[in-house]
2 protein chains.
Amino acid sequence: MRITAQEEYGLRCLIQLARQTDGQGLTLKQIGEREGISTANAGKILWLLSNAGIVKSARGIKGGYMLARPSDQITVSDIISVFENADLEEHCKSFSGIQEVCVHNADCGIRPVLQILNETVKQVLSQITLAQLVHHECEVSQRLFQLQRAAPTTAAMSA
Amino acid sequence: MRITAQEEYGLRCLIQLARQTDGQGLTLKQIGEREGISTANAGKILWLLSNAGIVKSARGIKGGYMLARPSDQITVSDIISVFENADLEEHCKSFSGIQEVCVHNADCGIRPVLQILNETVKQVLSQITLAQLVHHECEVSQRLFQLQRAAPTTAAMSA
DNA sequence: GACATTGTTGACGAAAAAGTAAAGTATTCA
DNA sequence: TGAATACTTTACTTTTTCGTCAACAATGTC
């Protein structure tokens with residue numbers, strides 16, 4: 001259970017773009033230098049993000065990348081999903097909502113635990129926006145810790 | 001951001017052991033057959049879990065594996081940690097508690113987002129025990145969904 | 001319209017993870 | 001004691017992922 005290299009760089013590249021408040025955008029070369037990765041690698045990552053509609057690109061001498069929508073409308077879950085293997089998506093596509101969780105799963109005991117945990121994690125990450133990561137990472141961290149402690153999770157689980 | 005193959009199989013092997021209510025334990029051959037993996041692979045996974053003190057083993061003709069402690073005292077976070085690369089642990093060892101989150105991080109802006117998210121996820125997973133996964137996976141899933149919806153996360157984050 | 005700059009795309013090699021194999025060690029029972 | 005069973009440990013092979021390279025396409029400037 002870890003963030004892959006691509007996912008981490010994707011997140012960090014987006015944070016760089018989100019910090020551009022002047023609406024200027026950044027070139028692949030600039031992004032690569034700021035995050036310590038090659039221009040080629042930055043190109044690959046940004047291309048995936050572009051396909052997913054998270055960033056928009058412009059070619060030519062005035063080109064570069066910028067966010068496709070405000071950073072408070074981009075969740076970490078959105079970003080992570082871009083780099084997931086498409087094959088895994090089909091593993092259990094029926095898992096789409098709380099109402100349908102058990103409808104398609106008579107064989108609940110065989111159901112991979114994998115899927116349950118993945119959905120749990122994604123649910124948590126969908127509540128963290130890029131805007132929250134941009135300003136002060138530590139504040140976000142503290143808030144999340146408090147969040148988890150405040151939630152009556154243990155009681156709810158054992159009920 | 002996904003569970004690795006080893007982590008998934010580790011979880012599932014432990015669920016098999018947790019289902020053994022007669023205190024008998026299971027051999028590597030039995031575990032492998034039940035989870036569709038080779039005996040050799042099961043051996044590798046259970047060896048790691050044994051080193052971590054999550055399971056205990058017995059050699060000889062009456063040998064096998066069993067949980068080292070009750071399943072409600074084993075969290076998913078415990079299990080996942082077993083299969084993490086030890087090198088990553090040193091990446092930011094100062095991240096040990098909520099009080100010390102920002103103490104060691106004057107360079108907060110440079111701090112990898114990776115670490116923050118990993119801690120967040122681990123915090124969530126530390127609240128799920130093996131016992132909860134054993135009985136009915138779907139019930140656990142529903143509870144977690146309700147949990148996440150009930151928690152006033154968005155309000156807390158934007159405060 | 002020529003040129004420099006920048007993003008786009010596919011192919012290739014390197015690195016890491018996963019799984020397999022085999023030899024070794026300990027325990028039990030006849 | 002000896003043989004069968006089962007865990008232990010290391011090394012190897014396969015598979016997957018990661019990163020780089022090179023050629024291509026599009027845009028803006030002079």
Side-chain angles (χ1 to χ4, degrees), chain A residues 1-13 16-17 24-33 35-68 80 82-88 91 114, chain B residues 1-13 16-17 20 24-68 80 82-88 91 114:
Chain A
M1 172 61 76
R2 65 171 182 284
I3 295 180
T4 66
Q6 277 199 331
E7 287 167 348
E8 176 178 1
Y9 287 132
L11 268 172
R12 290 168 63 167
C13 291
Q16 289 294 344
L17 291 180
Q24 272 298 313
L26 294 171
T27 68
L28 287 177
K29 187 158 177 280
Q30 288 173 317
I31 294 172
E33 286 172 353
E35 290 304 330
I37 59 178
S38 68
T39 302
N41 203 9
K44 193 173 194 174
I45 291 165
L46 270 295
W47 174 73
L48 289 169
L49 291 169
S50 179
N51 279 0
I54 293 177
V55 300
K56 53 186 175 184
S57 62
R59 289 188 176 185
I61 198 168
K62 284 283 188 179
Y65 283 95
M66 56 180 59
L67 297 182
I80 297 296
V82 173
F83 301 100
E84 281 176 354
N85 191 348
D87 300 342
L88 294 179
H91 193 243
L114 161 77
Chain B
M1 172 62 77
R2 66 173 178 281
I3 295 179
T4 66
Q6 276 198 331
E7 287 167 348
E8 176 178 359
Y9 286 131
L11 269 171
R12 290 166 63 168
C13 290
Q16 289 294 342
L17 291 180
Q20 289 297 108
Q24 272 298 312
L26 293 172
T27 67
L28 287 177
K29 188 157 176 280
Q30 289 174 315
I31 294 171
E33 286 172 352
R34 296 188 185 193
E35 289 304 331
I37 59 177
S38 68
T39 302
N41 202 9
K44 191 175 194 175
I45 291 165
L46 270 296
W47 175 72
L48 290 169
L49 291 170
S50 179
N51 280 359
I54 293 178
V55 300
K56 53 186 176 184
S57 62
R59 289 188 176 184
I61 197 167
K62 284 284 189 179
Y65 284 95
M66 56 180 59
L67 297 182
I80 297 297
V82 173
F83 302 101
E84 280 177 354
N85 191 350
D87 301 342
L88 294 180
H91 192 243
L114 162 76

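Residue numbers begin at 1 in each chain, while the letters A, B, ... track the order of the sequences.
Across A/I45, A/T4, A/L46, a single residue satisfies side chain to side chain contact (heavy atoms under 4.5 Å, CB included) together with A/Y9, and that is A/I45.
Residue-to-nucleotide contacts include a donor-acceptor pair under 3.5 Å from the side chain of B/R59 to the base of C/dT25.
Comparing C/dG19, D/dT8, C/dT6 by their nearest atom to the side chain of B/Y65 picks out D/dT8. Of the candidate nucleotides C/dT6, C/dC29, C/dT8, C/dT6 has the atom nearest to the side chain of A/T27. Of the listed nucleotides (D/dT8, D/dT29, D/dC21), D/dC21 has the atom at the smallest distance from the side chain of A/A40. The nucleotide whose nearest atom lies closest to any side-chain atom of A/Q6 is, among D/dC7, C/dT20, D/dG19, D/dG19. Distances from the side chain of B/T4 to the nucleotides C/dA18, D/dT8, D/dG28 place C/dA18 closest.
If B/G63 and A/G63 are placed on DNA chain C by their nearest nucleotide, the residue sitting closer to the 5' end is A/G63. Nearest-nucleotide assignment on DNA chain D puts the 5′-proximal partner with A/A5, out of A/K62 and A/A5.
Distance CD1 (A/I45) to P (D/dG19): 7 Å, rounded to an integer number of Å. If you take CD of B/E35 and C1' of C/dG19, they are 16 Å apart, rounded to a whole angstrom. Rounded to a whole Å, the CG atom of A/L46 is 14 Å from the P atom of C/dT6. Counting to the nearest Å, the P atom of D/dT17 and the CG atom of A/N41 are 16 Å from each other. Between the CG atom of B/L26 and the P atom of D/dC7 there is a distance of 10 Å, given to the nearest Å. If you measure from atom CD of B/Q30 to atom C1' of D/dT5, you get 12 Å, rounded to the nearest angstrom. Rounded to an integer number of Å, the gap from B/L28 CG to C/dA21 C1' is 15 Å. When the P atom of C/dT9 is taken as reference, atom CG of A/L48 falls 11 Å away, rounded to whole Å.
At the heavy-atom level, B/K29 lies nowhere under 4.0 Å from the strands shown.
Rounding to the nearest 0.5 angstrom, the gap separating the CG atom in B/L49 from the NZ atom in B/K44 is 13.0 Å. Summarising the geometry, atom OG1 belonging to A/T39 is positioned 7.0 Å from atom NZ belonging to A/K29; distances are rounded to the nearest 0.5 Å. Rounding to the nearest 0.5 angstrom, the gap separating the CD atom in A/E35 from the CG atom in A/L11 is 10.0 Å.
Residues A/R2 and B/R2 are not in side-chain contact: their nearest non-hydrogen atoms beyond the backbone lie 4.5 Å or more apart. Using a 4.5 Å heavy-atom threshold, the side chains of A/L48 and A/Q6 count as touching. Looking at heavy atoms from C-beta onward, A/I37 lies out of side-chain contact with A/R12 at the 4.5 angstrom threshold.
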Reading DNA chain D 5' to 3', how would its secondary structure be written in dot-bracket notation, given Watson-Crick and G-U pairs with both distances under 3.5 Å, brackets [ ] for crossing pairs and | for partners on other strands? ||||||||||||||||||||||||||||||

